[in-house]
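Before I ask anything, here is the structure I am working with.
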Amino acid sequence: MPDTTPPDSGEHSALLRFSSALFYAGSSFLITVVNKTVLTSYRFPSYTFLGIGQMVTTVVVIYAAKKSKTVQFQDFDKSIFIKIFPLPLLYVGNQITGLASTKKLSLPMFTVLRKFTILMTMILEVYILRKTFPRRLVYSVVTIVVGAMIAASSDLAFDMRAYTFILLNDVFTAGSSVYTKQKLGVEGLGKYGVLFYNALIIAIPTLLASALTGDLQKAVTFEGWFETTFIFCFFLSCIMGFVLMYSIILCSYYNSALTTSVVGAVKNVAVAYIGIFVGGDYLFSWTNFIGLSICMSGGLAYSYITFSTKSSQVATEEWKTDITQDPTGRKVTI
């Protein structure tokens with residue numbers, strides 16, 4: 001039977017919830033490092049082409065799994081567009097802006113500004129999933145945002161275009177997380193259908209756009225294609241693109257959109273501090289470091305509240321707002 005079970009976090013064991021979150025954190029960390037290597041260390045000129053490679057890899061892997069009957073989901077027909085919308089638009093926006101900001105920002109500043117995704121996810125869950133949150137979670141989010149603003153205010157490598165890309169990436173990521181949670185229960189799709197049709201629908205238009213803008217030509221004529229190490233890193237990035245999207249789907253399925261954002265924040269703790277010593281493009285200042293630490297402290301507090309009380313009040317509130325929202329879209333209060 002197709003994978004169409006509605007995603008109800010309350011029905012899943014603590015081990016599944018934690019394992020899926022850990023899988024997402026590890027995948028997100030690894031792809032950030034690999035993408036940084038391809039786009040910065042090797043100076044690959046096209047983050048769009050790299051995104052296309054990740055989409056194609058996703059389509060090929062999932063299609064092969066479907067053909068071998070390892071996974072099952074609805075065959076393609078015109079109803080797919082209605083069922084999946086607006087996820088493909090959010091997906092491509094997330095990939096392109098994410099890769100662009102990775103190319104232009106140092107690892108610590110990239111991960112700091114990504115913290116705004118949590119705030120945006122909370123806002124979207126309130127308006128789209130009709131959820132409410134306890135004050136202590138809101139306070140921890142405020143701490144994260146304040147720390148991010150302090151750190152960003154002293155960024156000696158300030159780049160308005162890069163900051164625009166990363167903030168847009170926050171919006172697309174938050175929207176993608178919330179709508180993914182919503183679409184996972186759509187009949188005929190399930191985890192694998194959402195992942196497959198997202199990548200399939202946007203791969204061809206993105207490739208055409210890349211060709212029309214000349215971006216594809218830059219990628220094809222890149223001199224690094226003659227280097228074995230670059231080819232290895234490029235294909236590793238493509239594989240990790242698929243792994244990351246699969247891990248996001250799993251984390252959203254077994255947890256919630258907000259929890260997925262929280263896990264991303266926890267992962268950023270490691271990335272940010274490692275980036276201070278690795279990468280060579282971080283310009284140290286005390287204001288930046290203090291803001292970074294405040295931001296990370298808020299992220300850890302938020303993570304502790306979310307995961308350590310999964311079976312108590314916070315978890316009950318989070319699941320209740322997800323499960324008991326009525327079909328008319330009225331806001332459920334606690």
Side-chain angles (χ1 to χ4, degrees), residues 27-28 30-64 76 81 84 86-107 109-110 113-114 157-173 175-176 195-246 279-281:
S27 301
S28 183
L30 289 176
I31 196 172
T32 299
V33 175
V34 174
N35 285 345
K36 191 69 178 175
T37 301
V38 172
L39 296 170
T40 302
S41 298
Y42 285 99
R43 300 184 183 278
F44 186 66
S46 176
Y47 49 82
T48 304
F49 188 82
L50 184 59
I52 293 171
Q54 295 173 356
M55 297 174 204
V56 172
T57 301
T58 299
V59 170
V60 171
V61 171
I62 298 296
Y63 183 76
F76 183 82
F81 292 101
I84 205 73
L87 272 182
L89 298 179
L90 296 171
Y91 180 86
V92 70
N94 187 23
Q95 274 218 335
I96 300 304
T97 56
L99 290 170
S101 54
T102 300
K103 181 180 177 68
K104 293 178 177 296
L105 285 173
S106 65
L107 275 175
M109 288 314 303
F110 173 81
L113 294 176
R114 286 283 289 156
F158 181 82
D159 184 330
M160 178 58 73
R161 185 179 180 184
Y163 275 45
T164 301
F165 272 126
I166 191 63
L167 292 176
L168 285 174
N169 184 241
D170 291 343
V171 174
F172 285 123
T173 302
S176 182
L195 185 60
F196 178 79
Y197 288 118
N198 257 336
L200 178 65
I201 291 172
I202 63 178
I204 296 177
T206 305
L207 181 61
L208 292 175
S210 178
L212 291 175
T213 58
D215 190 73
L216 181 61
Q217 178 67 19
K218 293 179 181 178
V220 172
T221 58
F222 179 60
E223 296 179 354
W225 290 118
F226 297 99
E227 297 182 31
T228 304
T229 52
F230 168 76
I231 294 175
F232 172 78
C233 290
F234 182 87
F235 281 103
L236 181 60
S237 177
C238 291
I239 294 171
M240 285 306 304
F242 158 70
V243 173
L244 175 64
M245 290 309 302
Y246 181 61
D281 56 355

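In what follows, residues are counted from 1 in the order of the sequence shown. Here the structure is a predicted model, which is why all the values come from computation and not from measurement.
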Checklist entry - Quick one: CZ on Phe172 to CG on Leu167, what's the gap to the nearest 0.5 Å? => result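 Phe172 atom CZ to Leu167 atom CG measures 12.0 Å (nearest 0.5 Å).
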
Item to check | Those residues that, when tested against Ile204, pass side chain to side chain contact (heavy atoms under 4.5 Å, CB included) (two or more places apart) | outcome: Leu208

Item to check | Minimum heavy-atom distance between Ser237 and Ile31, given as atom pair plus value | outcome: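 Answer, listing the atom of Ser237 first, then Ile31: O-CD1, 4.3 Å.
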
Next on the checklist: Nearest 0.5 angstrom please: Ser41 OG to Asn35 CG, how far?
Outcome noted: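 Here the rounded value is 11.5 Å.
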
Next on the checklist: Can you list everything that forms a side chain to side chain donor-acceptor pair (under 3.5 Å) with Thr58? Sequence neighbours excluded, please.
Outcome noted: none

Checklist entry - What's the shortest heavy-atom distance between Ile202 and Asn198, and which atoms? => result CG1-O, 3.1 Å

Distance-only donor-acceptor pairs under 3.5 Å for side chains of residues 224-232, two or more places apart:
unit_1: Trp225; atom_1: NE1; unit_2: Ala219; atom_2: O; d: 2.6
unit_1: Thr229; atom_1: OG1; unit_2: Tyr42; atom_2: OH; d: 2.9

Next on the checklist: The criterion is side chain to side chain donor-acceptor pair (under 3.5 Å); which residues satisfy it with Thr164, sequence neighbours excluded?
Outcome noted: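 Thr164 satisfies side chain to side chain donor-acceptor pair (under 3.5 Å) with no residue once adjacent residues are dropped.
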
Next on the checklist: Which label fits Phe222 and Phe44: parallel for a plane angle under 30°, tilted from 30 to 60°, or perpendicular past 60°?
Outcome noted: perpendicular

Next on the checklist: Checking the side chain of Ser210 only, and the main-chain atoms of Leu216 only, is there a donor and an acceptor separated by less than 3.5 Å?
Outcome noted: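 Yes: the side chain of Ser210 pairs with the backbone of Leu216.
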
Item to check | Least distance between heavy atoms, Asp215 atom then Pro45 atom | outcome: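 Reported closest heavy-atom pair: OD1-O, 4.1 Å.
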
Next on the checklist: With rounding to the nearest 0.5 angstrom, report the CD1 to CG distance, Ile239 to Leu244.
Outcome noted: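 Ile239 CD1 to Leu244 CG: 13.5 Å, rounded to 0.5 Å.
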
Item to check | Value rounded to 0.5 Å, distance of CE in Met240 from OG1 in Thr32 | outcome: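 That separation rounds to 9.0 Å.
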
Item to check | Close side-chain approach of Tyr63 and Val60, heavy atoms under 4.5 Å | outcome: no

Item to check | Between CD1 on residue Ile52 and OG1 on residue Thr206, distance to nearest 0.5 Å | outcome: 6.0 Å

Item to check | By ring-ring contact (aromatic ring centres under 6.0 Å, His included) - contacts of Phe196 (at least two apart) | outcome: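 Result, ring-ring contact (aromatic ring centres under 6.0 Å, His included) vs Phe196: Phe73.
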
Item to check | Rounded distance [0.5 Å steps], CG in Leu195 versus CD1 in Ile62 | outcome: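 Atom-to-atom, Leu195:CG and Ile62:CD1 are 4.5 Å apart.
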
Checklist outcome for this item: In terms of heavy-atom contacts, Met55 and Ala199 come closest through O-CB, 3.7 Å

Checklist entry - For Val33, does its backbone N or O pair with a side-chain atom of Thr37 as donor and acceptor, under 3.5 Å? => result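 Present.
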
Next on the checklist: The criterion is ring-ring contact (aromatic ring centres under 6.0 Å, His included); which residues satisfy it with Phe81, sequence neighbours excluded?
Outcome noted: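 Partners of Phe81 by the ring-ring contact (aromatic ring centres under 6.0 Å, His included) criterion, ordered by chain and then number, come out as Phe76.
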
